[in-house]
Protein chains: 2
Amino acid sequence: MPKLPARERATPRATSARPQPAAGSRGKRAAVRTAPKSRNAKSAATHAAIIDAALDEFAARGFAATRLDDVARRAGVAKGTIYVHFRDKETLFEELVRTALGPLLRGLEETPVADVPLRAFVEGLADHFVKEILGTRRKHIVRLIVTEGARFPSLAQIYYREVIKRAMVVVRGAVERAIARGEIEGDTLQRFPQLFVAPGILALVWDMLFARFEPLDAGALMRAQVDLVFAAIGKRRK
Amino acid sequence: MPKLPARERATPRATSARPQPAAGSRGKRAAVRTAPKSRNAKSAATHAAIIDAALDEFAARGFAATRLDDVARRAGVAKGTIYVHFRDKETLFEELVRTALGPLLRGLEETPVADVPLRAFVEGLADHFVKEILGTRRKHIVRLIVTEGARFPSLAQIYYREVIKRAMVVVRGAVERAIARGEIEGDTLQRFPQLFVAPGILALVWDMLFARFEPLDAGALMRAQVDLVFAAIGKRRK
DNA sequence: TAATTATGACTGACCAGTCAGTCATTATAC
DNA sequence: GTATAATGACTGACTGGTCAGTCATAATTA
C-alpha cells in the first residue's frame with residue numbers, strides 16, 4: 001500500500017540533522033547544555049517545545065494527517081513524553097490553539113480604544129492584523145481554525161467567545177462613538193463590522209491557495225477596503 | 001485507543017435501511033427495479049453515486065478522516081467498486097472537485113456580460129453566488145477547496161485557472177467598461193476585484209464555524225459591501 | 001532515597017488498496 | 001430464436017502498512 005500522498009514524511013526544516021534538535025527553540029537538549037534549569041522550568045520548556053513543534057506539523061499537514069512521531073522528533077523528545085504533557089492528540093491540538101489565542105487577544109486589547117478618529121482606529125487594526133498575524137507564525141493558528149474548526153466545535157466556540165465576539169464588541173463600540181461624534185453616517189458598519197476583516201480573511205485564504213500563481217498584498221487590499229468604506233460613509237470628503 | 005472523535009460512524013442519511021440503497025439517487029438496485037438500463041448507463045449511474053456519496057463524506061470529515069468504506073456504504077456499493085471507477089482515494093477526491101467545477105463556471109459564463117450598468121452586473125453576481133453556491137451543496141465544494149486546497153496543490157491550481165482567473169477577467173472587464181462609460185472612478189476595483197468576493201468568502205467561513213452562535217446573512221453582507229463600494233466610487237450619488 | 005519526568009519498544013485498531021471469484025448483460029454461433 | 005461464450009462491473013474477505021496510545025524501565029532532580 002503506497003503511502004498517502006498527503007502525508008509525505010516530515011521534512012525537518014532547512015537543516016538536515018535531527019540529532020541536534022531545533023537549535024533555535026530550546027528543546028530538551030538545549031536545557032541540558034545551558035544552566036541546569038529547575039525541574040519546573042525544564043518541564044515547562046519541554047511543554048513549550050512540544051507545542052511549538054506541533055504548530056509546525058499541524059499547520060503543514062492538518063490534524064488528521066499529522067503524526068505524533070513527527071511532532072516528537074521535531075520537538076527533540078520521545079513520543080511518550082508528549083503523553084506526559086498532553087492527554088492525547090486532540091488535547092494537544094486544542095491546547096495549542098488555545099495557548100495561541102492569548103497573544104491574538106492582547107493585540108486587540110492594547111489597541112487604543114480611546115477617542116481616536118474611527119478611521120485611524122480601523123487603520124491601526126488593519127495594520128496590526130497584517131503585521132502581527134499575517135506576518136508571523138500566528139497566521140498558522142488562524143489558518144488552522146479556518147481549516148479544522150468545523151471538525152472541532154469546541155475550538156470554534158472558544159475562538160468565537162474569546163476573539164470574534166470581543167473584537168466585534170470593540171469595533172461596534174468604536175463605530176458607535178464615531179457616529180455620535182458625527183464622523184460617519186448610516187448603520188452598515190454596526191450591522192456588519194465583519195466588513196473590516198473580510199479582506200483580511202480573503203487574503204489569508206488566497207495566500208494559502210493561490211499565492212504561487214498570483215501574490216496578493218494583504219495590506220494593500222485592506223487599505224483599499226478602508227478607503228472605500230470611508231469614502232462611502234464618511235461625512236463629506238475628508 | 002479511543003476512536004478519533006472527528007470520525008463518527010457514517011449516518012446513512014435519514015432512512016435507516018441500507019438493503020434498499022439510496023432510494024433517491026438511482027443506485028444499482030434501482031436500476032433493477034426500473035427499466036433494465038444498459039451496462040453503460042448503469043455504470044455511469046454508479047460512478048455518479050460514488051461521487052455523490054464522496055461529496056457528503058469528504059465535506060463532513062475532510063479528506064484524511066474520510067473512510068472509503070463509508071463512501072461505499074453511502075453509495076450503496078462495495079468498496080471494491082470504488083476502485084473500478086477511481087484509481088485511489090486521492091483521484092476520487094480530485095475528480096469530485098473537478099466535476100463540480102463545471103457548474104460553478106457555467107454560472108459565471110451565463111451572466112450577461114453585456115452592457116448592463118456595473119452595479120446591476122455586480123449585484124447579479126453577488127445574488128448568483130448566494131443562491132447558486134452558498135444556497136446549494138456546491139458550497140461544500142468551495143469549502144473543500146478552502147479547507148483542503150493547501151494540501152492538494154493540483155486542485156488549487158485547477159481552481160485558480162478555471163474559476164478564479166476567469167472570474168477576475170470577467171469582473172475586470174466589466175469594471176473597465178464601467179469606467180469608460182463614466183459610471184465609476186478610481187482604479188481600486190481594477191487592482192482588487194477580490195473586494196467583491198471577500199464578504200462572500202467571509203460568510204462561507206463564518207457559516208462553517210460560527211453559524212450556531214451567531215448566524216450571518218451572506219446576502220445582506222454582500223449587498224452591504226456593494227452599497228459601500230458604489231457609494232464610494234460611483235460618480236456622485238445615483 | 002523518593003518523586004518526578006522522560007523514554008521508546010510494543011500493541012492493536014484501523015483502513016487503503018487487492019484480487020479471485022460471481023453474475024448480469026452483450027456478442028456470437030448455431 | 002436459442003444456446004453458448006465473452007465481457008466487465010461488481011463483490012467483500014483479506015493483507016500489510018501505519019500510527020495513536022501504553023507501560024515497564026531509565027534518567028534526573030530534590
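What's counted below: heavy atoms across the whole structure, side chains too, no hydrogens, waters or symmetry copies. Letters go in sequence order (proteins before strands), and every chain restarts at 1. All figures in this text were calculated on a predicted structure; none of them were measured in a lab.
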Kindly say if A:T46 contacts the phosphate of C:dA6, meaning a side-chain N or O under 4.0 Å from OP1 or OP2.
->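 Answer is yes, contact under 4.0 Å.
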
Are OP1 or OP2 of C:dT5 and a side-chain N or O of A:H47 less than 4.0 angstrom apart?
->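 So the side-chain polar atoms of A:H47 never come under 4.0 Å of the phosphate oxygens OP1 or OP2 of C:dT5.
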
Polar contact flag, side-chain donor to acceptor under 3.5 angstrom, A:T91-A:D88 =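 Looking only at side-chain atoms, A:D88 and A:T91 do form a donor-acceptor pair, the distance falling under 3.5 Å.
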
Carboxylate-amine/guanidinium proximity below 4.0 Å for [X] and [Y]:
X	Y	answer
B:R191	A:D217	no
B:E57	B:K89	no
A:R74	A:D52	no

Given C:dA16, C:dA6, D:dC19, the nucleotide with the shortest approach to the side chain of A:R67 =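 Among the listed nucleotides, the one closest to the side chain of A:R67 is D:dC19.
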
Interatomic distance, [X] [atom1] vs [N] [atom2] [rounded to whole Å]:
X	N	atom1	atom2	value
B:R87	C:dT18	CZ	C1'	15 Å
B:D69	C:dC14	CG	C1'	10 Å
B:N40	C:dA24	CG	C1'	14 Å
B:K42	D:dT7	NZ	P	19 Å
B:D88	C:dC15	CG	C1'	14 Å
A:E90	D:dA20	CD	P	13 Å
B:E57	C:dC15	CD	C1'	14 Å
B:I82	D:dG8	CD1	P	22 Å

Result block: side-chain N/O donor-acceptor pairs under 3.5 angstrom for residues 196-203 of chain B, not counting sequence neighbours:
none

Output side-chain donor-acceptor pairs under 3.5 Å for residues 78-85 of chain B, partner residues at least two apart or in another chain, one line each.
| residue | atom | partner | partner atom | Å |
| --- | --- | --- | --- | --- |
| B:T81 | OG1 | B:A78 | O | 3.3 |
| B:H85 | ND1 | B:H47 | ND1 | 3.3 |

Under-3.5 Å N/O pairs linking protein and nucleotides 8-10 of chain C:
| residue | atom | partner | partner atom | Å |
| --- | --- | --- | --- | --- |
| C:dG8 | N7 | A:G80 | N | 3.3 |

Do B:M208 and B:T147 touch side chain to side chain, with heavy atoms closer than 4.5 Å?
->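 The answer is yes, as the side chains (C-beta and beyond) meet within the 4.5 Å cut-off.
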
